[in-house]
Engineer: 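Following this message is one structure expressed as structure tokens.
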Amino acid sequence: MPPVQSEVCTNVTSPRWGGSDKTASAAPVRIDRRVNRCKRQSTGTVVLSVQLLSVCARLQRRGRSGTDSKRVTGVEQDGEGERRRMNRFKISKFKNTTPKIPKKDGWISDVRAGSFTSCGNQIKSSCRFVAFSAEQTGGGILGLVSLDPGPDERWTVSQIPCHADLITDFDFSPFDDSLLATCSADETSAAGHPNNKDSRVIWIKDSDNILTTGFNQMREREVKVWDARKLGSSLGSVSLGTSAGTLIPLLDPDSGLLVLSAKGDSVIHCFEVTTAQPFLAQVSQCLTEAPTKGIAMVPKLALDVISCEVLRVLQLTDSFIVPVSYHVPRKSGQDFHEDLYPDTLGQTPAMTAQGWWTGENKQVAKVSLHPAKRPLKRSAIPSSEGTARSGPASQPAKKDLPIAKSQEEDAAGLSSSSSSLTSPSSPGSVGQSPSTTSLSSGFVNSPSQRSLQSILGPSSKFRHAQGTVLHRDTHVTNLKGLSLTTPGECDGFCANRERVAVPLAIAGGQIAVFELSQPGRLPDTSFPTIQNTSAVADLCWDPFNACRLAVAGEDAKIRVWLVPKGGLTETLTEPERILQGHTEKIYSLKFHPLASGILASSSYDLTVRLWNLDSGKEVKLLRGHQDQIFSLAWSPDGKFLATVCKDGKMRIYDPRKSTEPTQEGPGPEGARGARVVWACAGQYLLVSGFDSRSERQIYLYAVESLASGPVASVGTDVSPSTLIPFYDEDTSTVILTGKGDTRVYIYEILQESPYFLECSHFNSSEPHKGLVFLPKTECNVPDVEFARALRLSKTSIEPVAFRVPRVKKEFFQDDLFPDTAVWWESALAASAWLSGANGQHRRISLRPKDMTPVSEAPKEAPVRKYLPSSVYLEEKTDEQKKEELLSAMVAKLGNREDPLPQDSYQGVEEDEWDD
């Protein structure tokens with residue numbers, strides 16, 4: 001990532017704060033510098049940058065003692081293992097550490113914190129000052145306040161303008177409490193990442209271990225400890241539930257106490273990090289009054305050691321900075337407890353920057369936290385000449401510092417934006433060449449010689465699927481009065497290849513029917529509707545009759561309506577048929593996929609009933625549910641019926657043989673809703689629901705072993721609406737979204753591990769009320785469109801095309817478009833199915849007549865874009881170069897023996913000149 005502009009602001013405050021009128025003796029000083037910052041990258045799981053870790057490991061090894069480590073013998077290894085086993089039974093002295101939040105009088109008020117979208121921790125602290133992101137237009141303002149109150153026991157919050165754009169991160173110098181470095185996005189040219197899942201990584205002191213925070217495959221937040229020498233698996237991990245914010249790790253290297261919190265959380269976790277099992281031990285949890293916007297740790301030198309304060313954390317909220325102190329319950333105010341406070345790193349730098357570039361390795365001197373042995377407060381930053389700058393009073397005036405540098409000066413300094421961390425930018429610096437310090441020499445070998453599929457696993461042909469809203473000419477607009485009270489079990493509206501039905505929020509359960517062949521703006525006046533009499537609970541088109549609409553009402557009746565061909569010309573008030581039998585509200589309808597006239601319905605009376613629309617009678621009554629039935633689905637062959645229930649169970653019925661379920665199995669844990677569809681030619685059941693933490697999940701069940709539970713699951717996000725799945729049998733892809741969502745998820749389903757292959761998602765600009773899909777014949781096959789849907793928004797109905805980007809679009813993509821089933825034609829009559837007959841749909845090809853399958857396309861010889869490296873690396877002599885140059889010149893001049901063009905012209909005879 002290119003470096004971002006940074007500024008180091010020094011002497012920004014007076015030595016005393018609060019009610020004091022004393023001002024700083026030196027004028028404010030600003031130094032322009034460059035800060036190279038490595039941005040973290042994540043795709044939903046913790047991604048460890050092994051290149052960065054390798055550099056950090058080398059720097060850490062260089063900073064350690066110069067003596068070579070002794071070779072560990074077998075006896076020493078056994079002794080080390082015994083010591084680690086004994087460590088498991090040791091009791092930590094920080095076990096009973098408790099957090100204490102002071103009264104509001106001890107909070108720093110008048111704080112206007114920045115938004116959650118700001119980068120970094122949003123708050124940092126030194127031993128004297130606290131800096132935080134401030135709410136301001138442009139985002140280039142930092143708030144600054146002293147750590148301790150003034151003489152009147154109050155804090156005064158100031159604001160310092162730092163940049164013209166969003167401040168991405170900032171930090172205090174460990175050697176100068178008044179030196180603050182900031183970096184901004186005002187000169188950043190790198191693009192943002194599409195995935196908002198972030199991760200953090202920190203080193204664990206005096207060990208080869210690192211600690212990371214991020215998200216696992218289930219979108220749960222995790223804390224993991226890794227061995228930097230072996231990154232294949234973690235040493236230990238802790239899961240902290242589901243939330244959108246990334247955990248911010250704050251580690252005290254002296255005590256090993258780890259504080260974790262995230263933006264938007266109302267809890268602060270405290271763990272103890274050890275070098276042996278269990279690696280992460282929970283110490284405490286602190287509940288806060290307001291959500292966290294940022295969190296920072298106060299340096300050890302600022303703690304109240306007499307009261308046994310081992311840790312202090314500053315929580316940034318909307319209006320306050322809340323200090324949270326962690327105390328060990330001991331007798332305070334008497335003795336200094338040396339076992340709680342080992343010597344900590346001081347504030348005196350060990351070497352200069354130039355010295356580090358030349359290869360020096362020194363450790364920062366440690367200081368005692370004992371009040372009587374603590375050194376005088378001194379802040380110093382080494383200059384390039386090796387001298388230390390200490391105290392605000394000794395700082396030079398603003399005019400003595402170069403505020404602006406020329407490009408030549410900037411390129412020659414250590415803070416050059418073009419310099420890297422692996423080599424100094426000055427010519428006289430001593431260091432390894434870039435070739436020997438390349439980041440590619442990490443812990444893993446380059447995968448260029450291995451198959452990417454063997455490394456990353458299988459990939460989907462639809463991984464780059466794109467969803468596109470079609471042109472506005474195809475929309476139905478000016479839609480008003482939509483019903484927003486349909487149950488969660490209803491899709492919200494329904495459509496077939498000719499028309500779409502939408503419930504309206506008008507008394508009498510009115511339903512609007514729009515012809516897809518007549519898009520455009522609807523009139524502001526009223527239009528013909530269907531008067532259903534009762535409020536609509538669910539509605540469904542007959543797949544074999546584009547004019548028949550079944551509507552379930554809250555009055556426990558099913559009304560079947562016939563819409564005239566060409567659309568409604570007048571309001572319909574009389575249904576074709578009314579089906580009665582349920583005793584409670586009906587909330588789900590499903591037509592049989594093969595037999596015409598067979599309809600299944602579920603109700604709050606805990607029954608599923610099958611109806612014959614030809615006779616208008618109930619033909620089957622299925623029992624066995626103990627609670628509300630969330631969803632039901634017919635198998636592709638029409639033999640079985642699957643249900644998912646609020647009692648936490650999945651059930652499969654064979655309706656023609658038994659009224660009781662033939663199989664039962666555990667369903668989703670959450671009781672907020674669920675949907676079920678059949679997948680992989682009826683071999684699996686795909687269920688969308690919620691887990692115990694209300695996170696939306698997608699489960700896959702094997703039909704043959706339903707009782708054993710799901711074979712795979714994947715988490716999506718946290719949202720109140722149930723994901724509505726649409727499964728395409730031809731491509732084995734499932735497309736899911738919920739009411740009120742703006743994102744549409746796409747997965748390819750496999751019959752073996754990993755079962756789910758995530759594809760690109762489609763995001764809309766505004767929430768939609770529903771999404772229904774049309775038959776495959778409505779897809780634009782030459783444009784590689786494998787699915788088409790209708791999206792219902794607040795005021796319009798918009799077609800959405802899902803396409804796969806391909807290069808050779810002039811050919812029919814037969815790998816994406818197998819022969820499809822004609823599911824809009826019935827395979828048998830209702831009476832035949834009830835008597836035990838089975839059938840199947842005929843299949844048709846989607847290949848246009850003028851297109852050749854891509855599998856039969858002529859093979860083209862691969863064209864090399866670039867010459868092989870041997871051509872560029874081959875050394876040529878001067879004679880060879882001269883010969884090539886002459887040959888090229890002669891080729892441009894052509895053959896000199898060829899006649900000139902004027903030689904072929906016809907001239908004038910000699911005797912004609914005399915005239």
Engineer: I need the minimum non-hydrogen distance between L589 and V551, along with the two atoms involved.
Structural biologist: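 Smallest heavy-atom distance, with atoms named: CD1-C, 4.0 Å.
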Engineer: Considering non-hydrogen atoms only, spot the tightest contact between S239 and E220 and give its length.
Structural biologist: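 It is OG-OE1, 3.5 Å.
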Engineer: Would S635 and D637 satisfy side-chain hydrogen bond (donor to acceptor under 3.5 Å, both in side chains), going step by step from the backbone distance to the final call?
Structural biologist: CA-CA 5 Å; S635 61; D637 57 8; 2.6 Å; yes
Engineer: More than 12 foreign heavy atoms under 6.0 Å from NZ of K639: is that the case here?
Structural biologist: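 Counting neighbours around NZ of K639, 12 or fewer heavy atoms of other residues, nucleotides or ligands fall under 6.0 Å, so no.
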Engineer: Main chain of C490, side chain of K739: is a donor-acceptor contact present, judged purely on distance under 3.5 Å?
Structural biologist: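 Here the side-chain-to-backbone pair exists.
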Engineer: Less than 4.0 Å between a side-chain N and a carboxylate O, is that true for R548 and D542?
Structural biologist: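 The answer is yes: the pair qualifies as a salt bridge.
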Engineer: Which of these, D491, V500, L479, sits in a side-chain contact (heavy atoms from CB on, under 4.5 Å) with L792?
Structural biologist: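 Option passing the side-chain contact (heavy atoms from CB on, under 4.5 Å) with L792: L479.
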Engineer: Between R221 and F215, is NZ or CZ placed under 6.0 angstrom from the six-membered ring centre and within 45° of the ring axis?
Structural biologist: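 No cation-pi geometry.
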Engineer: Could you go through the salt bridge (Lys or Arg N to Asp or Glu O under 4.0 Å) check for D524 and R521 one step at a time?
Structural biologist: CA-CA 9 Å; D524 294 328; R521 179 182 174 87; 3.7 Å; yes
Engineer: Ignoring hydrogens and angles, tell me if any N or O in the side chain of W678 forms a donor-acceptor pair with the backbone of A633 under 3.5 Å.
Structural biologist: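 Confirmed, W678 side chain pairs with A633 backbone.
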Engineer: I would like to know whether R847 and D814 meet salt bridge (Lys or Arg N to Asp or Glu O under 4.0 Å); could you show each step before the answer?
Structural biologist: CA-CA 8 Å; R847 179 170 69 93; D814 51 352; over 6 Å; no
Engineer: Between the side chains of E660 and R623, is the shortest nitrogen-to-carboxylate-oxygen separation below 4.0 Å, so that they form an ion pair?
Structural biologist: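 Here R623 does not pair with E660 in a salt bridge, since their nearest N and O are not under 4.0 Å apart.
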Engineer: What I want to find out is whether D730 reaches K776 closely enough, with some N-O distance under 4.0 Å, to be called a salt bridge.
Structural biologist: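 Looking at D730 and K776, the cut-off is met.
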Engineer: Name the orientation class of the two ring planes belonging to Y604 and Y587 (parallel below 30°, tilted from 30 to 60°, perpendicular beyond 60°).
Structural biologist: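 Rings of Y604 and Y587: perpendicular, as their planes differ by over 60°.
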Engineer: Would you call K585-D538 a salt bridge at under 4.0 Å N-O?
Structural biologist: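 The answer is no: the pair does not qualify as a salt bridge.
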Engineer: State whether the side chain of N496 and the backbone N or O of A546 hold a donor-acceptor pair below 3.5 Å, judged by distance alone.
Structural biologist: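 Yes; judged by distance alone, with no hydrogens or angles, the pair exists.
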Engineer: Which atoms form the tightest heavy-atom contact between S826 and F544, and what is the distance?
Structural biologist: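 Closest approach of S826 to F544: N-CD2, 3.3 Å.
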Engineer: Report yes if some heavy atom in the side chain of D691 is under 4.5 Å from a heavy atom in the side chain of Y699; otherwise report no.
Structural biologist: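 Yes, at least one pair of side-chain atoms sits under 4.5 Å.
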Engineer: Less than 4.0 angstrom from a charged side-chain N to a carboxylate O is my criterion; do R788 and E778 meet it?
Structural biologist: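 Between E778 and R788 there is no salt bridge, as every charged N stays at least 4.0 Å from the carboxylate O atoms.
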Engineer: Heavy-atom count check: over 12 atoms from other residues, nucleotides or ligands less than 6.0 Å from Q840 CD?
Structural biologist: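 No, not enclosed.
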Engineer: May I ask you to decide whether D614 forms a salt bridge with R577, counting only side-chain N to carboxylate O separations under 4.0 Å?
Structural biologist: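 No, D614 and R577 are not salt-bridged.
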Engineer: Looking at every heavy atom in both S721 and D741, which two are closest together, and how far apart are they?
Structural biologist: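 So the two residues come closest at OG-OD1, 3.4 Å.
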Engineer: With a 3.5 Å distance limit and no angle check, can you tell me whether H582 reaches the backbone of D605 through a side-chain donor-acceptor pair?
Structural biologist: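 No, because the side chain of H582 does not come within donor-acceptor range (under 3.5 Å) of the backbone of D605.
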